[in-house]
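Keep in mind the model is a prediction, meaning the values are calculated, not measured.
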Amino acid sequence: MTKTLPVLLASLLAVSTASVPLQVLAQQTQPLDRIAAVVDEDVILQSELDRALANIKAQYAGRENQLPPDDVLSRQVLERLVLVKLQVTRAEGSGIRVSDQELNQAIESIAQQNGAGVDQLRSRLAQDGIDFDEFRRSVRDEIVVQRLRQSFAQSRISVSEGEVDAAIKQEATAGTQYHLAHILIATPDGADANQIATGQQKADGVKALLDKGELDFNAAAVRYSDSPNALEGGDLGWRSMDEIPQAFLQVMQDMKAGDVVGPLRGPSGFQLLKLVEVRDSGAAGATGQTVTEYHGRHILVRITDQQDDAAAKARIDTLRARIAGGADFQAVAKESSEDNNSRGQGGDLGWFPADAFGPDFGREVEGVDDGGISQPFRTDAGWHIVQRVATRQTDVGVDNQRAQVRETIGRRKLEEEYNRFLSELRGEAYVSFRSGDRAENTATPPQS
């Protein structure tokens, strides 16, 4: 669960080039920069909202009938922009930062996805009326939000060994995956009887529309769902059994592809669940996977401002000669190695696969026999000699299976907890709408 989640840029709303072809952005006009919403001490401009709306409509090109009326869509998109703004503010308040180097790497990746270099991307954005500095800010915000989510996972999400054991026992269904979608009708935390009844009534109404065939599920999700994935038609993607909440598992037993059940009452409100597809993904925890592991020791001489490459090389050569002359490797490592992590253990690195410390180190370990000592070699850390103590074959199938199960359980917990966190974040914020049918002040002057 501590695995670093990848940076996903496709969910950018303000400027999205990873998921929306650049040419569609040319259709956008330059609106007056009025304030669309005030979010605590920050604002969302009307131009940001208009760009986000244009991008959503571009994603639904040819499927416009699945989108709600413009006023409803505008409300949905503005709510998402509010959530992004709140997450960025919370992240920055927690000390989360994105360096210019990291931002440049992310933009290079986006450019590559669009078959262009950064300079070409800049030119194409300019042709489409997109300010490059604004584009950079949007990308930075998305990375910040992803890191906030990672930090949240590391601090609040844990998976016990008992949970992993229980999930592994479900071997009979471990190879089956389910493609799910949902519609959430949210109720406030601590909702009273009237609020619960209102949520139930709305959820029942949406279910009735689906049963009558007046709306398909995706369109109903876009129009009515309060979930952050509403604009994706409520799509939850493919899930294995241990990634599905227990409340859903109980009702899914009798479902077939295309069925919709609910409303189901949960901590966030009422949900409608659709089973889109089912597939067999094969055995989830293959065993019999073996890797070669090595027990090794090393001595490191670093290259520093006070010790250049030639001096470091001369010193490691001297240490290698001492060991070749009969000196004990561990004693020399304790005395002279500059790796503070292993020096106290006589340079002992324990058991490790060949690639654990990089390809150069791995080649040297593989190139000597058990008990042998390598010639001096250089890596990014400095100059080394390594002693290979022993070799073994290790079955990592079970470890891999447990790691995969732990990861999937963690993702499911994160989704549930983070959505609750977003609801709390939204509920605690001051938000004043200046655009659409919830506008409190429609006379906001343009921003200079």
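Using a cut-off of 4.0 Å between Lys/Arg side-chain N and Asp/Glu carboxylate O, E79 and R426 are scored as salt-bridged. Salt-bridge check for R140 with D100: passed, with a basic side-chain N closer than 4.0 Å to an acidic carboxylate O. Salt bridge R420/E417: present, at least one basic N to carboxylate O contact under 4.0 Å. Ion pairing between K207 and D211 holds under the 4.0 Å rule for side-chain N and carboxylate O. Between E102 and R147 there is a salt bridge, since a side-chain N of the basic residue sits under 4.0 Å from a carboxylate O of the acidic one. Using a 4.0 Å cut-off between charged nitrogen and carboxylate oxygen, R80 and E232 count as a salt-bridge pair. Between R406 and E163 there is no salt bridge, since no side-chain N of the basic residue sits under 4.0 Å from a carboxylate O of the acidic one. With salt bridges taken as basic N to acidic carboxylate O contacts below 4.0 Å, one links D259 and K256.
Side-chain atoms of S268 do not come within 3.5 Å of backbone N or O of A186 as any donor-acceptor pair. Judged purely by atom type and a 3.5 angstrom limit, S225 has no side-chain atom pairing as donor or acceptor with the backbone of V222. Between the Q307 side chain and the A312 main chain, no donor and acceptor come within less than 3.5 Å of each other. In this structure a side-chain-to-backbone donor-acceptor pair under 3.5 Å is present from K413 to S158. Of the possible donor and acceptor atoms, none in the side chain of S74 sits under 3.5 Å from a partner among the backbone N and O of D70. Judged purely by atom type and a 3.5 angstrom limit, D216 uses its side chain to pair as donor or acceptor with the backbone of A219. Formation of a donor-acceptor pair under 3.5 Å by the S123 side chain with backbone atoms of D119 is found in this model. Without hydrogens or angle criteria, E48 side chain to L45 main chain gives a donor-acceptor distance under 3.5 Å.
Side chains of L422 and Q87 form a contact here, defined as non-hydrogen atoms less than 4.5 Å apart. Residues K85 and D40 form no side-chain contact, since every pair of their non-hydrogen atoms from C-beta on lies 4.5 Å or further apart. Here the side chains of R97 and V144 are not in contact, with every heavy-atom distance at 4.5 Å or above. When side chains are defined from C-beta on, L121 counts as touching F135, because their heavy atoms get closer than 4.5 Å. The shortest distance between side-chain heavy atoms of Y418 and L148 falls below 4.5 Å. L86 places a side-chain heavy atom less than 4.5 Å from the side chain of V39. Taking 4.5 Å as the limit, every side-chain heavy atom of P263 sits out of range of all side-chain heavy atoms of K202. The side-chain heavy atoms of F248 and L264, taken from C-beta on, include a pair separated by under 4.5 Å.
Residues Q112 and E108 bring no donor and acceptor atom of their side chains to less than 3.5 Å of each other. Side-chain N/O atoms of Q76 and Y224 include no donor and acceptor closer than 3.5 Å. Between the side chains of H179 and D235, at least one donor N or O lies within less than 3.5 Å of an accepting N or O. One side chain, D339 or S342, offers a donor N or O that lies under 3.5 Å from an acceptor on the other. Checking H182 against S227 by side-chain atom types alone, a donor-acceptor pair falls below 3.5 Å.
Aromatic ring pairs are classed by plane angle as parallel below 30°, tilted from 30° to 60° and perpendicular above 60°; the pair F361 and H384 is perpendicular.
The two residues G199 and F270 come nearest to each other via the heavy atoms C-CD1, 3.6 Å. Between F433 and A37, the shortest heavy-atom distance links the atoms CD2-CB, 4.1 Å. The two residues S151 and I96 make their nearest non-hydrogen contact at CB-CD1, 4.4 Å. Closest of all the heavy-atom pairs between L300 and A381 is CD1-O, 3.8 Å. The heavy-atom pair separating S374 from F377 by the smallest distance is OG-CE2, 3.5 Å. Here the shortest heavy-atom pairing between L210 and A220 reads CD2-CB, 3.8 Å.
Within a 6.0 Å sphere centred on CD of E92, other residues, nucleotides and ligands contribute more than 12 heavy atoms. The number of heavy atoms from other shown groups lying within 6.0 Å of CD (E41) does not exceed 12. Counting heavy atoms of neighbouring residues, nucleotides and ligands inside a 6.0 Å radius, atom CD of Q101 does not exceed 12 of them.
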*Kindly indicate, with the supporting measurements, whether the criterion salt bridge (Lys or Arg N to Asp or Glu O under 4.0 Å) is fulfilled by R378 and D309.*
CA-CA 10 Å; R378 182 178 173 178; D309 182 82; 2.6 Å; yes
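Here L73 contributes atom CG and L78 contributes atom CG; the two are 11.0 Å apart, rounded to the nearest 0.5 Å.
For the pair R239 and Y178, the cation does not sit on the ring face, since its NZ or CZ is not both under 6.0 Å from the ring centre and inside 45° of the axis.
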